[in-house]
Amino acid sequence: MKVEKYDITATDSWSALKKLTRSISELRISELYAADNSRVEKYSLKCAGVYLDFSKNLVDENVRRALLDLLSESPFEEQREAMFRGYAINTTEQRPVLHTALRSDKQMLADDGLENLGTQIEAQKQHIKEVSDKIRSGNWRGSSGRQVTDVINLGIGGSDLGPRMVCEALKEFAHPSVRCHFVSNVDGELINSTLKKLDPETTLVIISSKTFTTQETLLNANTAAAWFREHLSLENPYATSHFIGVTASPENAIKLGVLEENLLEFWDWVGGRYSLWSTIGLSIAISLGYERFEKLLNGAREMDRHFRSSPADQNMPVIMALLGLWYTDFFDAESQAVIPYCQRMVEFPTYLQQLDMESNGKLVMHDGSAVNCKTGPIVWGQTGTNGQHSFFQLLHQGSHMVPVDFIGVLKDKMSSPDHHRVLLANMLAQSAALMQGKQAEESEPYRHYPGNRPSNVILMDELSPYTLGALIALYEHKVFVQGCLWNINSFDQWGVELGKVLADKLLSEESDKSDLDDSTRTLLAAVDATL
Ligand code: F6P
């Protein structure tokens with residue numbers, strides 16, 4: 001594979017793009033429409049109910065061609081095949097990366113020589129179905145024999161963000177009498193206030209953790225177990241029907257006391273931030289029903305097919321990846337804003353933060369040498385129109401370039417036409433305003449809008465399990481393509497380890513604290529003095 005030697009900044013296309021940045025700064029995006037009346041048609045794509053208009057970008061045909069050349073000089077194509085075929089592309093952990101297999105079908109898996117995996121995946125999917133059906137139908141009973149009315153997903157990072165985001169986005173379809181709650185933070189207020197409003201007899205806790213060693217999740221589980229112990233006089237609450245474990249480390253869950261029959265497993269080749277498609281998605285199936293969980297997988301599968309088979313210039317994740325890289329590396333754009341104009345998608349930017357920043361926030365290439373350019377952007381955002389009344393000032397007149405992804409939903413049964421029209425009109429107006437800008441009188445420079453600020457508009461036909469599945473896969477693959485271009489490993493997360501080790505040291509009574517810096521030692525003393 002080219003991976004070993006490749007450095008994007010040493011390619012001919014990189015140099016060509018560098019030159020193009022000079023000429024492009026004279027270009028006004030808004031003028032490109034007049035020069036080419038098929039721009040919108042050429043610069044838009046649709047797949048699985050998700051439409052992307054990328055015409056409002058600082059890109060003309062020369063840039064588009066150069067970006068595509070950049071892609072063809074990269075190891076992207078081999079890496080994409082290697083991912084789908086299950087080669088160990090997560091090189092620092094020697095693991096394949098196969099979240100796509102979780103939503104694949106028999107034929108596709110067989111074509112990739114992964115039929116055995118298909119059988120294991122099918123068995124786990126059946127398990128999700130059985131357990132979620134049993135809970136939804138009232139046949140999963142607590143220790144006193146009562147039906148489950150409340151499910152708490154205890155997990156953090158990838159064991160929380162995906163299911164939380166999907167359940168919120170698709171709450172239109174939520175079960176009317178089995179409610180799902182999500183507890184991630186170790187801040188005790190959260191678990192305490194969640195438990196306080198629930199009845200232990202009718203509460204089920206899902207401990208979702210790939211490793212079953214995560215400090216926050218285990219402590220929250222302990223607090224929940226103590227609550228059951230106290231209220232239901234259970235000696236070992238973990239070993240009852242009040243606890244389910246979802247994990248890739250069943251031995252750790254069993255050690256904690258969770259019953260083997262209450263365990264759902266997945267595999268180490270599913271990265272935490274890619275795990276909502278696995279048994280980690282149990283809370284999704286409980287909330288929405290297994291059939292809708294399958295539809296979510298189907299939408300993602302359609303995007304996978306598109307990603308794997310469409311030519312680069314017609315490939316939605318590829319196009320979004322190239323545009324993002326164009327701004328990050330050639331315009332010094334530090335961040336990427338994602339603004340869904342749909343309140344139910346309020347968790348989407350937070351979900352994307354982990355997906356993108358834990359994947360591509362990296363400093364070294366596959367061969368261990370330093371990258372010579374900027375890698376993953378700082379992803380942030382919140383819903384529109386709320387954001388318009390807080391940070392949009394900076395988007396329009398601030399000194400940073402912030403590319404924006406606007407995401408809207410065309411048909412929304414949960415809203416009403418008068419509200420929905422206002423909502424979407426605002427989204428389109430913001431995208432247009434960022435591009436067009438506005439000249440001001442010389443005496444009023446503060447009224448000047450420079451414009452020429454790029455954005456994508458993504459329109460989903462509706463917010464359904466299918467389209468949401470496709471949207472998530474779109475971003476997953478965008479992040480993957482960028483990782484290939486930068487030649488970094490998008491599938492490990494060593495950067496989170498050091499802080500965990502230090503927190504353990506601070507917590508441990510036996511550990512030697514003499515090598516701590518003065519600041520940390522003084523702050524720790526202040527904390528210890530109050531507890
Ligand atoms: O600390 C980062 C991380 O390892 C994420 O990658 C992961 O999604 C999260 O923690 C939770 O890990 P686990 O599922 O093993 O509890």
Side-chain angles (χ1 to χ4, degrees), residues 89-99 102 124 128 152-167 182-187 190-191 205-225 238 243-256 258 263-284 347-348 350-362 376 379 472 475-476 479-480 483 488-507:
I89 59 168
N90 176 355
T91 44
T92 60
E93 295 174 312
Q94 283 308 315
R95 286 179 189 160
V97 173
L98 273 169
H99 50 279
L102 298 168
Q124 285 304 338
I128 300 177
I152 308 177
N153 185 78
L154 293 185
I156 197 161
S159 298
D160 165 71
L161 292 166
R164 178 197 288 268
M165 179 274 287
V166 171
C167 287
F182 291 87
V183 171
S184 53
N185 203 326
V186 74
D187 181 341
L190 184 59
I191 182 78
V205 170
I206 304 174
I207 308 175
S208 295
S209 176
K210 181 173 172 181
T211 55
F212 243 77
T213 57
T214 304
Q215 183 189 55
E216 295 95 321
T217 302
L218 293 183
L219 186 52
N220 279 329
N222 243 334
T223 303
Y238 287 122
F243 277 91
I244 286 179
V246 180
T247 187
S249 315
E251 62 292 349
N252 290 342
I254 290 167
K255 227 185 280 165
L256 189 70
V258 181
L263 277 186
L264 281 82
E265 294 184 37
F266 63 108
W267 307 268
D268 67 358
W269 42 260
V270 182
R273 50 197 176 274
Y274 301 88
S275 63
L276 73 91
W277 318 103
S278 72
T279 46
I280 288 287
L282 176 64
S283 49
I284 301 176
E347 301 288 349
F348 195 67
T350 313
Y351 161 78
L352 275 189
Q353 285 181 325
Q354 187 199 16
L355 174 65
D356 202 324
M357 297 203 273
E358 198 165 72
S359 297
N360 285 345
K362 309 280 164 69
V379 176
I472 300 168
Y475 277 95
E476 283 180 350
V479 168
F480 170 77
I488 56 181
N489 181 359
S490 300
F491 299 104
D492 59 11
Q493 56 282 322
W494 296 102
V496 300
E497 294 305 319
L498 180 58
K500 289 184 191 173
V501 172
L502 270 177
D504 284 344
K505 179 181 168 104
L506 299 192
L507 280 168

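Both ligands and their constituent atoms are indexed starting at 1 by order of listing.
- Distances below 4.0 Å separate heavy atoms of Gly158 from the following atoms of ligand 1: 7 (C), 8 (O).
- In terms of heavy-atom proximity, Trp494 sits nearest to Glu93 at CZ2-CG, 3.8 Å.
- Residue contacts with ligand 1 for Gln493 involve side-chain atoms from C-beta outward but no N, CA, C or O (heavy atoms, distance under 4.0 Å).
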Note to self: Evaluate Leu102 against Gln124 for side-chain contact (heavy atoms from CB on, under 4.5 Å), listing each step before the verdict.
What the structure shows: CA-CA 10 Å; Leu102 298 168; Gln124 285 304 338; over 6 Å; no
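- Taking 4.0 Å as the cut-off, Lys500 counts as a neighbour of ligand 1 on heavy-atom distance.
- Considering Asn252, Thr214, Thr247 only, the shortest heavy-atom separation from atom 13 (P) of ligand 1 involves Thr214.
- In terms of modelled atom types and a separation under 3.5 Å, the side chain of Asp356 and the main chain of Val479 share no donor-acceptor contact.
- Checking Arg273, Gln354, Glu358 against atom 2 (C) of ligand 1, the nearest heavy atom belongs to Glu358.
- Checked by atom type, the side-chain pair Ser184/Arg164 shows a donor-acceptor distance below 3.5 Å.
- The OG1 atom of Thr279 sits 11.0 Å away from the NZ atom of Lys210 when rounded to the nearest 0.5 Å.
- Every atom of ligand 1 with a heavy atom of Ile156 under 4.0 Å away is listed here by number and element: 9 (C), 11 (C).
- Where the criterion is an N or O separation shorter than 3.5 Å, residue side chain and backbone included, Thr217 fails it with respect to ligand 1.
- Under 4.0 Å from ligand 1, heavy atoms of Thr211 appear from its side chain as well as its backbone.
- Between Tyr475 and Phe348, a ring centre-to-centre spacing shorter than 6.0 Å is recorded.
- Taking a cut-off of under 4.0 Å to the non-hydrogen atoms of Val496, the atoms of ligand 1 that pass are 1 (O), 2 (C).
- Interatomic distance, Asn222 CG to Tyr238 OH, rounded to the nearest 0.5 Å: 4.0 Å.
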